[in-house]
Amino acid sequence: MHSQPNSVGIITPQTAHFDTPIVLKSGATLDSYDLVYETYGVLNTDKSNAILVCHALSGHHHVAGFHSEQEKRPGWWDNMIGPGKPVDTERFFVVGLNNLGGCHGSTGPSSIDPKTGQPYGKDFPFVTVEDWVEAQTRLADRLGIETFAAIMGGSLGGMQVLSWSILHPQRVRHALVIAAAPWLTAQNIAFNDVARQAILTDPDFHGGNFYQHGVIPRRGLRLARMLGHITYLSDDVMGEKFGRILKNEVFQFGYGVEFEVESYLRYQGDKFADSFDANTYLLMTKALDYFDPTHHHRSSLSAALKPASADFLVVSFTSDWRFAPSRSREIVKALLDNNLNVSYAEITAAHGHDAFLMPDPHYHRLVRTYMSNAAEELGL
Amino acid sequence: MIARADFAAIARWVPPNAKVLDLGCGDGSLLKYLKETRNAHGYGIEIADANIIACAGKGVNVIQMDLEAGLSEFEPQSFDFVILSQTLQAMRNIELVVKEILRVGKHGIVTIPNFGYWRHRLQIIGGRMPVSRDLPYQWYDTPNIHLCTFVDFEAFCRDHGVHILERHVMCDGKDVSLLPNLLGNLAVYRFESRG
């Protein structure tokens, strides 16, 4: 099943260890760290066919393929990446990594701090989008990739793409910014803070050092994920999927699971609480909140994007209210102001913010066409 | 293909390296043509999904948005040319789009089919709405809701502060100089804001 012709197949993650200290935007320093990553396809001899995939809030390095024959679900963007897929691994060499602060193998709050022999916990420094980009450049250096044919990402991943295009314009040929925004609105920060408060006020959080207590702040993580999940879907798609369907035929007059939507959200919350680190969740949401290439509006987005030289594909989804199409159009306007090559598509989709992960035929055809044209232009 | 004649006429007016915006750019053919023949730096605006893909396949910049809502993403006088090729007659708010062309572009180029072409006139005299190669639709399924003759368009320009600099009239791709409003079926206008 895992050797189907359009899958990258069984993939083994790799770890790159770095001993050169990284100074973070917060002023803190990490003396050494690991980045876990996966690659698909073959890097060509002049190293011109590399694509970097940046992950979103709860993502990681496992972008495509399977880790074993037993693994039930493939990587999180498997519908996009593989042989003959929109991002064709027959032509491109694709790199996915887990960002610094993550909980899937790269150094993060749940990793052991070599100084104390204990998990970092609350002592793990804050990380920003710019810090991630810096770490990603080091991984690129390690892999011998000077210029990426493309860097792509959705949501928070799209913010990393934007940041790359500003900080390292010479290293990005094509920038695919999907379901993103140039910075978060107050409403978005508010959602993130409610999610954080759920975790921070869970008695099992122990100020971030719950590892030593042998517990995890499950209730907090679960609530955070349930809230997040609501905002990633559209009203329409929830209505279509669940409506007012009851688990049992009659009202129970209790607080157990009655409506299908409750069952679904609780399931999603439980699944997430079992697999994701609470401190990582806090860090990732803060990275989202802090991201603002205009430095808190002291300059315009057009001025912020002045250094950029990549060609851009900006994509939004009609029903996405968390990163609405109007936010993508702010990015498009700033790119137009800088005379950069940019194409923008607003995909008609029902799935809200999550649509960027869905195999919508038009969306996939667009990425396929854009990437195929890019490959030809690069002589791949 | 009549569009090619229209492209060549437009390209003659566009100097090398010009920055152009093509409103309702379709599959991006004109922009690709201007890129290849004039090294133009171009962007298209389109609403149809299939055309967005077609443009991406040609390596043409395209922005998916509804022209009828105006061009708020674009700064005043930020383009050398704003082109509207055989799209005007299908637009709801012609006054708005012409105003936006003049705001965003230093020059406007508009291509329009001629409702006053003699074959169309004959069909009207015969009691039927014209159907021709340029206007291939039936009255009930046509996207062309604002058809006009060349004389009508020029009167519109006079009344709306549009200064026509050049006009090129064609019939089936060949130049027409005699009785243009009768013998021409396509005209390309280059204009700027008056004053």
Side-chain angles (χ1 to χ4, degrees), chain A residues 86-87 150 173-178 182 300-303 305 309-318 325-349 360-379, chain B residues 16-32 34-36 38-82 100 103-106:
Chain A
V87 176
R173 219 16 232 105
H174 292 271
L176 281 73
V177 181
I178 302 171
S300 70
L301 186 61
S302 302
L305 276 161
S309 62
D311 291 353
F312 283 77
L313 176 64
V314 180
V315 180
S316 71
F317 299 87
T318 49
S326 59
R327 304 307 318 281
S328 282
R329 279 174 64 160
E330 289 175 39
I331 298 170
V332 171
K333 190 201 178 308
L335 297 170
L336 286 169
D337 287 346
N338 284 295
N339 284 325
L340 290 164
N341 284 319
V342 52
S343 282
Y344 168 67
E346 197 171 301
I347 311 288
T348 304
D360 176 87
H362 171 59
Y363 163 46
H364 274 198
R365 201 172 304 126
L366 175 66
V367 174
R368 177 190 298 278
T369 308
Y370 185 89
M371 289 315 300
S372 159
N373 196 71
E376 270 157 43
E377 192 192 284
L378 291 161
Chain B
N17 309 312
K19 192 178 164 197
V20 300
L21 179 63
D22 185 1
L23 308 180
C25 67
D27 66 4
S29 296
L30 174 59
L31 283 168
K32 186 157 190 257
L34 291 174
K35 193 171 167 182
E36 283 166 357
R38 290 289 180 270
N39 193 34
H41 179 53
Y43 298 88
I45 291 182
E46 244 307 315
I47 193 152
D49 286 348
N51 282 331
I52 302 296
I53 305 260
C55 289
K58 290 188 173 73
V60 163
N61 295 317
V62 63
I63 311 294
Q64 187 165 30
M65 56 186 266
D66 184 4
L67 262 183
E68 302 277 6
L71 301 171
S72 54
E73 261 85 352
F74 299 89
E75 291 293 319
Q77 302 294 292
S78 55
F79 283 84
D80 297 316
F81 293 88
V82 178
E100 284 289 80
R103 180 182 68 82
V104 170
K106 293 171 188 140

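Numbers restart at 1 for each chain; the letters A, B, ... are given by sequence-line order, proteins then strands. Owing to the predicted nature of the structure, the values given are computational and were not obtained by experimental measurement.
- The contact between B/Lys58 and chain A is made entirely by backbone atoms, counting heavy-atom distances below 4.5 Å.
- The minimum heavy-atom distance between A/Ala334 and A/Leu305, with the atom names listed, is CB-CD1, 3.6 Å.
- When B/Met65, B/Glu46, B/His41 are compared by the number of non-hydrogen pairs under 4.5 Å with chain A, B/His41 comes out ahead.
- A/Leu176 contributes atom CG, which lies 4.5 Å from atom CG of A/Leu313 (distance to the nearest 0.5 angstrom).
- In this view, A/Tyr344 satisfies the ring pair (Phe, Tyr, Trp, His ring centres under 6.0 Å) rule with no residue, not counting sequence neighbours.
- For chain B, the nearby parts of A/Asn339 are the backbone and the side chain; heavy atoms of each come within less than 4.5 Å.
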>> Let's go through A/Glu330 and A/Lys333 carefully: what are the C-alpha distance in whole Å and the side-chain angles of both, what is the deciding distance for salt bridge (Lys or Arg N to Asp or Glu O under 4.0 Å) to 0.1 Å, and is it a yes or a no?
In response: CA-CA 5 Å; A/Glu330 289 175 39; A/Lys333 190 201 178 308; over 6 Å; no
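- Pairing each heavy atom of B/Phe74 with each of B/Arg103, the nearest pair is O-NH1, 3.0 Å.
- The choice from A/Val332, A/Leu366, A/Asn341, A/Val314 that makes the most heavy-atom pairs within less than 4.5 Å of chain B is A/Asn341.
- Counting heavy-atom pairs under 4.5 Å between each of B/Asn61, B/Val60, B/Ile53, B/Ile47 and chain A puts B/Asn61 at the top.
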